[in-house]
Amino acid sequence: MKFSVITLFPEMVEVPLSASMVGRAREKGIVQLELLSLRDFCEGKHRVADDAPFGGGGGMVLKAEPIVKAVKMAKMGQPDAKVIFLGPQGRTLDHTMVMGLLKESGFILICGHYEGVDQRALDSVVDEEISIGDYVLSGGEYAACVFVDALTRQLPGVLGDEDSAKHDSFYDGLLDFPHYTRPAEGAEGKVPEVLMSGNHEEVAKWRRQQALLATLKKRPDLIEKAELSNEEKAYIQQQRGQL
Ligand code: SAH
């Protein structure tokens with residue numbers, strides 16, 4: 001999967017996406033990251049990428065032309081890529097969207113900055129606007145990193161254990177179960193006995209119950225939508241009574 005990121009601040013994307021899982025996925029060739037510096041598509045001696053807004057008011061606006069040119073350039077490398085503008089007015093990214101987007105071969109991600117982007121650029125080149133939540137960031141670069149990371153960790157070969165993403169929160173409509181590591185006993189307390197029993201069936205059962213409990217406590221809205229067995233529904237009913 002290829003991600004072409006168009007930004008005025010390439011280092012804001014390059015640095016975080018060089019470490020850890022995404023960094024390794026890039027090394028393994030599972031994902032490619034291409035950074036297009038908006039400055040390279042700007043004209044004039046000073047290569048100015050932004051200007052004051054028509055109609056007055058504060059904050060600078062990224063010019064349309066350099067963005068459109070950068071998208072054209074990125075499209076030459078991946079003609080089928082989906083062009084996404086990361087912005088607070090878009091559809092909010094969630095697990096279901098992430099999984100749906102995995103069918104794409106690649107993305108061209110446009111990062112706004114300052115007050116935003118000249119609307120004409122967005123109207124002419126963007127396929128979809130995606131937000132990472134109902135708050136305003138100072139730049140789309142943070143959102144681009146979130147987008148690349150969330151998709152990359154779902155690709156085969158990225159996580160050490162193929163199955164681990166399947167237990168992650170939201171994968172099956174529930175939150176994740178709690179995790180413990182060595183030491184088994186310390187100042188912070190003891191690890192639940194069952195995890196050291198070596199009984200895989202019991203461990204799996206306990207984990208599922210803990211996932212149900214965590215979801216019930218922290219995100220009761222998800223429980224309503226999750227696919228549960230009758231036994232699990234009864235368990236939830238019983239736990240509800242105790243909360
Ligand atoms: N004036 C704009 C916000 C500009 S913030 C508005 O109120 O709609 C500067 C840039 O940060 C945006 O152009 C966008 O690319 C990015 N950004 C801000 N919040 C974001 C969010 N929640 N999700 C994704 N990108 C965001």
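Excluded from the calculations below are hydrogen atoms, water molecules and symmetry mates; all remaining heavy atoms, backbone and side chain alike, are included. Each ligand, and each atom within it, is numbered from 1 in the order the structure gives. Numbers for residues simply follow the sequence, beginning at 1.
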- Check whether the side chains of Glu141 and Thr7 place a donor and an acceptor atom closer than 3.5 Å, and report yes or no. yes
- Task: Determine whether the side chains of Ser197 and Glu193 contain a donor N or O and an acceptor N or O closer than 3.5 Å.
- Result: no
- Note on the structure: Note: Gln89, heavy atoms under 4.0 Å from ligand 1, region reported as side chain
Numbered atoms and elements of ligand 1 in range of [X], under 4.0 angstrom, heavy atoms:
X	answer
Gly116	13 (O)
Phe85	13 (O), 15 (O)
Tyr135	19 (N), 21 (C), 22 (N)
Ala143	24 (C), 25 (N)
Val136	3 (C), 5 (S), 19 (N)

Above 12 or not: heavy atoms from other molecules or residues under 6.0 Å from [atom1] of [X]?
X	atom1	value
Glu227	CD	no
Asp134	CG	no
Tyr142	OH	no
Lys217	NZ	no

Note the single closest protein heavy atom to [atom], along with its residue, its atom name and the distance in Å.
atom	value
atom 14 (C) of ligand 1	Leu86 O, 3.0 Å
atom 18 (C) of ligand 1	Leu137 N, 3.2 Å
atom 16 (C) of ligand 1	Gly140 N, 3.3 Å
atom 17 (N) of ligand 1	Pro88 CD, 3.7 Å
atom 4 (C) of ligand 1	Glu115 O, 3.4 Å
atom 23 (N) of ligand 1	Ile132 N, 3.1 Å
atom 13 (O) of ligand 1	Gly112 CA, 3.4 Å

State whether the shortest distance between N or O atoms of [X] and N or O atoms of ligand 1 falls below 3.5 angstrom.
X	answer
Ile130	no
Cys111	no
Tyr114	no

- Nearest heavy-atom contact between Gly140 and Leu86 is O-CD1, 3.8 Å
- Query: Is there a heavy atom in Val117 that sits closer than 4.0 Å to ligand 1?
  - Reply: no
- Message: What I'd like to find out is whether the side chain of Val83 reaches to under 4.5 Å of the side chain of Leu109, using heavy atoms alone.
- Response: no
Mind listing the side-chain donor-acceptor pairs of residues 235-243 below 3.5 Å, one per line with the distance, residues two or more places apart or on another chain?
residue	atom	partner	partner atom	Å
Gln237	OE1	Arg240	NH1	3.0
Arg240	NH2	Glu224	OE2	2.9

- Start with the C-alpha gap between Val22 and Arg153, add the side-chain angles, then the distance that decides, and say whether side chain to side chain contact (heavy atoms under 4.5 Å, CB included) holds. CA-CA 8 Å; Val22 179; Arg153 71 194 304 287; over 6 Å; no
Side-chain donor-acceptor distances from residues 51-80 under 3.5 Å, at least two apart:
residue	atom	partner	partner atom	Å
Lys69	NZ	Glu43	OE2	2.5
Gln78	NE2	Ser4	OG	3.0
Gln78	NE2	Phe107	O	3.1

